[in-house]
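Everything on this sheet refers to the single structure shown next.
Every heavy atom of this structure was used, including side-chain atoms; hydrogens, water molecules and symmetry mates were not.
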Amino acid sequence: KLVEVLPADVIRRVLRYLSGSYWQRYLGWPDLFLFNSDSYLFVEVKGSGDKLSEDQKRWIQDNTETLKLPFKLVKIHREYDPG
């Protein structure tokens, strides 16, 4: 689906990134790829007790510096039930 949704220049950027050091870069990608007819977003979802792995931290840094893909980190918390 990525190839259908992402613009060609973004696909080239992702492929260059992966081919530069595939075995170090194929891990850590976000959990979700969300899209509609005019936008897309990569999303990493963490529970209240979860932490980012080193691979995920590296991907976030690489995305900020190189990939420049739209990205959000979402923290999910359990609803408190006093009863």
Side-chain angles (χ1 to χ4, degrees):
K1 200 65 176 175
L2 289 170
V3 173
E4 294 174 24
V5 174
L6 295 176
D9 63 313
V10 173
I11 293 170
R12 284 190 294 273
R13 195 177 330 138
V14 168
L15 291 174
R16 273 194 300 273
Y17 170 76
L18 287 171
S19 66
S21 187
Y22 179 78
W23 295 111
Q24 286 75 40
R25 295 179 175 170
Y26 81 99
L27 296 172
W29 284 75
D31 297 319
L32 302 174
F33 175 63
L34 307 176
F35 63 94
N36 61 27
S37 60
D38 52 339
S39 65
Y40 60 91
L41 178 67
F42 289 83
V43 180
E44 179 61 36
V45 180
K46 289 294 179 196
S48 56
D50 291 342
K51 294 185 179 188
L52 292 169
S53 71
E54 291 304 312
D55 289 322
Q56 291 167 327
K57 290 176 187 176
R58 181 207 27 82
W59 186 90
I60 291 169
Q61 181 176 348
D62 289 352
N63 184 55
T64 301
E65 296 171 358
T66 304
L67 293 169
K68 303 190 186 313
L69 301 169
F71 169 76
K72 295 285 182 197
L73 176 60
V74 176
K75 192 85 161 179
I76 305 293
H77 298 281
R78 277 200 178 127
E79 186 176 319
Y80 176 71
D81 181 9

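Take Glu54 and apply the salt bridge (Lys or Arg N to Asp or Glu O under 4.0 Å) test, not counting sequence neighbours, and it matches Lys57. Judged as a side-chain contact (heavy atoms from CB on, under 4.5 Å), and not counting sequence neighbours, the contacts of Leu18 are Val14, Tyr22, Arg25, Trp29.
Sparse packing is recorded around NZ of Lys72, with 12 or fewer heavy atoms of other residues, nucleotides or ligands lying under 6.0 Å away. The 12-atom threshold is exceeded at NZ of Lys75, counting heavy atoms of other residues, nucleotides or ligands nearer than 6.0 Å.
No path of Ile, Leu, Val, Met, Phe, Trp and Tyr side chains, each step under 4.5 Å between heavy atoms, connects Val45 with Phe33, placing them in separate hydrophobic clusters. Residues Leu41 and Leu6 do not share a hydrophobic cluster, clusters being chains of Ile/Leu/Val/Met/Phe/Trp/Tyr side chains in contact below 4.5 Å. Residues Leu32 and Ile60 do not share a hydrophobic cluster, clusters being chains of Ile/Leu/Val/Met/Phe/Trp/Tyr side chains in contact below 4.5 Å. Hydrophobic clustering places Leu27 together with Leu69 (ILVMFWY residues linked when any side-chain heavy atoms are closer than 4.5 Å, directly or through intermediates).
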Report task. Given side-chain contact (heavy atoms from CB on, under 4.5 Å), test Arg12 with Leu15 step by step and report yes or no. Result -> CA-CA 5 Å; Arg12 284 190 294 273; Leu15 291 174; 5.8 Å; no
Requested in this report: Quick one: do Leu34 and Phe42 satisfy side-chain contact (heavy atoms from CB on, under 4.5 Å)? Show the steps, please.
Outcome: CA-CA 6 Å; Leu34 307 176; Phe42 289 83; over 6 Å; no
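Looking only at distances, a side-chain donor or acceptor of Arg58 sits under 3.5 Å from a matching main-chain atom of Gln24.
Taking OH of Tyr17 as the reference point, atom NZ of Lys68 lies at 12.5 Å (rounded to 0.5 Å). Separating the CG atom in Asp50 from the CD1 atom in Ile76 is a distance of 10.5 Å, to the nearest 0.5 Å.
No side-chain heavy atom of Glu44 sits less than 4.5 Å from a side-chain heavy atom of Trp59. The shortest side-chain heavy-atom distance between Gln61 and Thr64 does not fall under the 4.5 Å cut-off. At a threshold of 4.5 Å between non-hydrogen side-chain atoms, the residues Lys46 and Gln56 count as touching. Between Ile11 and Leu2, every side-chain heavy-atom pair lies at or beyond the 4.5 Å cut-off. Annotation: side chain of Asp31 is not in contact with side chain of Val43 (no heavy-atom distance under 4.5 Å). Pro7 has its side chain within reach of Tyr40: a pair of non-hydrogen atoms, C-beta onward, lies under 4.5 Å apart.
Thr66 and Asn63 are not linked by any side-chain donor-acceptor pair at a separation below 3.5 angstrom, with hydrogens and angles left out of the test.
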